[in-house]
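Read through the structure below, which is laid out as structure tokens, and then see the notes.
The structure presented is a predicted model; accordingly, all values stated were derived computationally and were not measured.
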Amino acid sequence: MSKPTPNTPPERPNKSPSNKQDGTVEERVDTTLPDAQPVVDRVQDTPATNVSLISGNSKPRQYKVNNPSFFMQRGYQVLLVLGLIAAFFLVMVYQTLFGRIEQPQQMVTIEQGQTYYGLLPQWQNQIPLFSASVAKLYIKSQVDAPLHAGIYQLPENPTIAEALQILEQGAKAAMVKVQIIEGKTSKDLYQALRDNDNIEKEVLTADSDNASIAQALDLAGILPDNVTNSSDPIVNHNLEGWFAPDTYYYGEGTSDKKVLTDLYKSQQKALTDAWENRAPDLPYNSPYEALVMASIIEKETSVPEERPLVSAVFRNRLVKNMRMQTDPTIIYGMGSRYDGNIRRKDIDEKTSYNTYQIDGLPPTPIALPSAASIEATLHPADSDALYFVATGNGGHKFTNSLAEHNQAVKDYLSVMREKKSQTPPQ
């Protein structure tokens with residue numbers, strides 16, 4: 001028979017660590033008073049056990065925001081984004097400064113008042129990721145002097161950094177202005193270069209003539225046989241029309257050969273481009289014939305919108321085998337004999353150029369035509385007009401029949417008589 005168990009309270013495990021160092025456990029008597037805090041209150045800050053591991057109730061694990069792996073993942077994402085942005089920016093800067101624009105080696109004319117910023121659209125249109133803002137910042141930080149007017153030779157497929165380096169050199173050299181007005185002649189051009197003391201004379205010597213100039217420039221091959229073999233001194237080896245009229249700037253000491261060669265190349269390009277894109281069914285057998293016609297149009301009108309109409313008149317007359325009958329050809333054929341007036345004897349004189357007396361086109365151009373006149377020659381207006389005459393008030397009257405033309409001539413003479421009567425005597 002067992003002994004009765006003493007009626008003593010059960011021992012409560014000691015929840016707090018012992019302060020003793022000998023490993024013994026101090027027994028504790030429960031002396032809890034009625035108003036004392038429950039034991040559970042003293043351990044309320046202890047993390048709760050994840051009961052899902054025991055009960056099998058699978059709830060997603062919740063991470064605290066101060067988990068180090070959370071910040072590491074965020075940091076990698078931010079660094080990746082920043083890296084991509086930096087890489088894009090570097091590529092954009094590289095493309096802006098060192099991306100190449102596709103173009104052949106060529107001469108570029110910079111007019112007075114142009115700026116470096118005005119050069120950016122061509123690069124921006126042809127180079128992917130080109131940034132005008134980056135280019136402007138580069139120009140502002142690297143270029144000290146403003147863009148200087150002049151003619152510059154850019155290399156094949158240049159970068160903007162290369163172009164800026166070349167253009168900067170213009171500010172270091174004194175520039176010479178060479179101005180060739182549309183409608184002037186090659187003779188006028190030669191004289192302007194001879195009179196310019198800052199242009200070195202290599203071609204236009206005191207005894208130079210048409211043949212020696214063409215030979216010195218190596219341009220005799222661009223002329224048809226009837227020009228190179230002509231017995232007429234005005235026609236023989238005449239390079240009329242082959243130099244593009246414009247305003248040019250060159251460094252002091254530039255040779256006349258370089259100036260003339262540059263102007264020839266510019267005109268040749270304008271003529272070639274227009275010829276390759278010409279309208280169909282034109283009465284011109286070669287680009288040179290179109291150049292001849294362009295020079296006549298240049299002399300006949302200074303009103304830009306009239307050029308295609310003048311072109312249509314001459315096209316229509318050539319198609320109908322009518323003589324062109326244009327006064328500027330009379331004047332050119334007279335050469336130095338022209339004194340400002342055309343008389344009946346001048347109209348009746350048969351020269352190499354007088355289109356009142358010869359059929360078709362004259363043998364050479366009669367002036368230096370602009371690119372606009374070349375374009376009008378190869379794209380005439382859709383018109384049946386066969387005549388035109390000045391109105392006396394600016395511009396011309398275009399008509400389809402001789403009767404209408406004669407009336408337009410009478411109207412012109414009437415206007416001129418009225419203007420003369422209103423002019424006070426001198």
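Asp209 and Ser212 share a side-chain donor-acceptor pair at under 3.5 Å. Side-chain contact of Gln122 with Gln103: a donor-acceptor pair under 3.5 Å is present, judged by distance alone. Between the side chains of Glu404 and Asn400, no donor-acceptor pair is found at a separation under 3.5 Å. Between the side chains of Gln357 and Thr351, no donor-acceptor pair of N or O atoms lies under 3.5 Å.
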Name the atoms and distances for all side-chain donor-acceptor pairs under 3.5 Å in residues 384-392, with sequence neighbours left out.
| unit_1 | atom_1 | unit_2 | atom_2 | d |
| --- | --- | --- | --- | --- |
| Thr391 | OG1 | Asn393 | N | 3.2 |
| Thr391 | OG1 | Gly394 | O | 3.0 |

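Contact between Ala161 and Tyr138 at its shortest, heavy atoms only, is CB-OH, 4.2 Å. Leu291 and Pro369 get closest at one heavy-atom pair: CD1-CG, 3.8 Å.
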Please assess Tyr353 against Ile331 for the test side-chain contact (heavy atoms from CB on, under 4.5 Å), listing each intermediate value before the final yes or no. CA-CA 9 Å; Tyr353 290 88; Ile331 295 170; over 6 Å; no
Determine whether Asp246 and Glu182 satisfy the following criterion, side-chain contact (heavy atoms from CB on, under 4.5 Å), listing intermediate values before the conclusion. CA-CA 7 Å; Asp246 209 333; Glu182 300 168 351; over 6 Å; no
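With Glu298 contributing its side chain and Ala367 its backbone, the two residues share no donor-acceptor pair below 3.5 Å. Formation of a donor-acceptor pair under 3.5 Å by the Ser311 side chain with backbone atoms of Ala376 is found in this model. When atom types are taken as modelled, the side chain of Asp256 and the backbone of Leu204 share a donor-acceptor pair closer than 3.5 angstrom. Side-chain atoms of Asn236 never come within 3.5 Å of backbone atoms of Ser231 as a donor-acceptor pair (strictly under, hydrogens ignored). Judged by distance alone, with hydrogens and angles left aside, the side-chain atoms of Gln267 form a donor-acceptor pair with the main-chain N or O of Gly241 at under 3.5 Å. No donor-acceptor pair under 3.5 Å is formed between the side chain of Arg317 and the backbone N or O of Phe314. Under the 3.5 Å distance criterion, the side-chain polar atoms of Ser414 are left unmatched by any main-chain donor or acceptor of Lys410. Between the side chain of Ser266 and the main chain of Leu263, no donor-acceptor pair closer than 3.5 Å is present. Under a 3.5 Å cut-off, the side chain of Asn354 and the backbone N or O of Gly333 do not form any donor-acceptor pair. A donor-acceptor pair is defined here as one N or O able to donate and one able to accept, closer than 3.5 Å; no such pair exists between the side chain of Thr96 and the backbone of Val134.
For Glu375, the side-chain contact (heavy atoms from CB on, under 4.5 Å) partners two or more places apart in sequence, or in a different chain, are Ala274, His379. The side-chain contact (heavy atoms from CB on, under 4.5 Å) check on Thr247 picks up Glu111, Lys177, Gln179, Tyr249, with sequence neighbours excluded. Phe88 meets the ring pair (Phe, Tyr, Trp, His ring centres under 6.0 Å) test with no other residue; sequence neighbours excluded. Arg344 is linked by a side-chain contact (heavy atoms from CB on, under 4.5 Å) to Ile347, Asp348, counting only residues two or more places apart in sequence or in another chain.
Remark: Ile374 CD1 to Asp273 CG distance equals 10.0 Å, nearest 0.5 Å. In this structure, CD1 on Ile330 lies 9.0 Å from CD on Gln325, to the nearest 0.5 angstrom. The line from CD1 of Ile139 to CD of Glu168 is 9.5 Å long, rounded to the nearest 0.5 Å. Summarising the geometry, atom OH belonging to Tyr250 is positioned 14.5 Å from atom CG belonging to Asn198; distances are rounded to the nearest 0.5 Å.
Annotation: side chain to side chain donor-acceptor pair (under 3.5 Å) contacts involving residues 281-293, sequence neighbours excluded, are absent.
At most 12 non-hydrogen atoms from other residues, nucleotides or ligands lie less than 6.0 angstrom from NZ of Lys269. Within a 6.0 Å sphere centred on NZ of Lys201, other residues, nucleotides and ligands contribute more than 12 heavy atoms.
Using a 4.0 Å cut-off between a side-chain N of Lys or Arg and a carboxylate O of Asp or Glu, Glu300 and Arg307 do not qualify as a salt bridge. Between Arg100 and Glu162 a salt bridge is recorded (basic side-chain N to carboxylate O distance below 4.0 Å).
Applying side chain to side chain contact (heavy atoms under 4.5 Å, CB included) to Thr364 and the options Val235, Leu223, Asp232 leaves one that passes, Val235.
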